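So the structure is just underneath, and the comments pick up after that.
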Amino acid sequence: MMRVDVDNLRILVVNAGGKVCALDDTCSHEDASLATGSLQGEFVKCPLHGSRFHVCSGTVLDEPAEKNLRTYAVQVDGDDILVRV
């Protein structure tokens, strides 16, 4: 998993068991980068307060976050990962 910055957007790109997904990198609870959190299967855990998000749907699973994250369409082209913003 890694963070990329594109046009003032912080996007988290994740390889979740072979499936590449992209979502907002900033936790919806506080301004924390999810790239510094932990990846557990298809879920990323925020390093500050433990909120978890599904990396492919952006769905929040645990409080204190209450708002889902935006996701982005991804296309893998050889060694390149293309994210539609």
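Everything numeric in this text was worked out from a predicted model, so none of it was measured. In this chain, numbering begins with 1 at the start of the sequence shown.
Closest heavy-atom contact between G58 and F53: O-CD2, 3.9 Å. The two residues P47 and T36 come nearest to each other via the heavy atoms CG-OG1, 3.3 Å. Across M1 and A35, no two heavy atoms sit closer than the pair CE-O, 3.8 Å. Of all non-hydrogen atoms in H54 and F43, the two that sit nearest each other are CD2-CE2, 3.5 Å.
With hydrophobic clusters built from ILVMFWY side chains whose heavy atoms lie under 4.5 angstrom apart, L61 does not share a cluster with L48. By the rule that hydrophobic residues join a cluster once side-chain heavy atoms approach within less than 4.5 Å of another member, L9 and L12 end up as members of separate clusters. In the hydrophobic clustering of ILVMFWY residues, with side-chain heavy atoms under 4.5 Å counting as a link, V14 and I81 come out apart.
For the pair D24 and R70, the salt-bridge criterion is not met [side-chain N within less than 4.0 Å of a carboxylate O].
A heavy-atom distance below 4.5 Å is found between the side chains of D31 and R10. In this structure the side chain of V13 reaches within 4.5 angstrom of the side chain of V83, judged on heavy atoms. Between L34 and L69, the closest side-chain pair of non-hydrogen atoms falls below 4.5 Å. Inter-residue side-chain proximity for L39 and V55 is flagged as met; some heavy-atom pair is nearer than 4.5 Å.
Of the residues D5, V4, L23, the one that meets the side chain to side chain contact (heavy atoms under 4.5 Å, CB included) test with I11 is V4.
Between the side chain of S51 and the main chain of D62, a donor-acceptor pair closer than 3.5 Å is present. At distances below 3.5 Å, not a single donor-acceptor pair connects side-chain atoms of D77 with backbone N or O atoms of L82. Side-chain atoms of N68 come within 3.5 Å of backbone N or O of V60 as a donor-acceptor pair.
C46 has its SG atom 2.5 Å or further from the SG atom of C27.
Residue H49 holds its NE2 atom at 13.0 Å from CD of E63, rounded to the nearest 0.5 Å.
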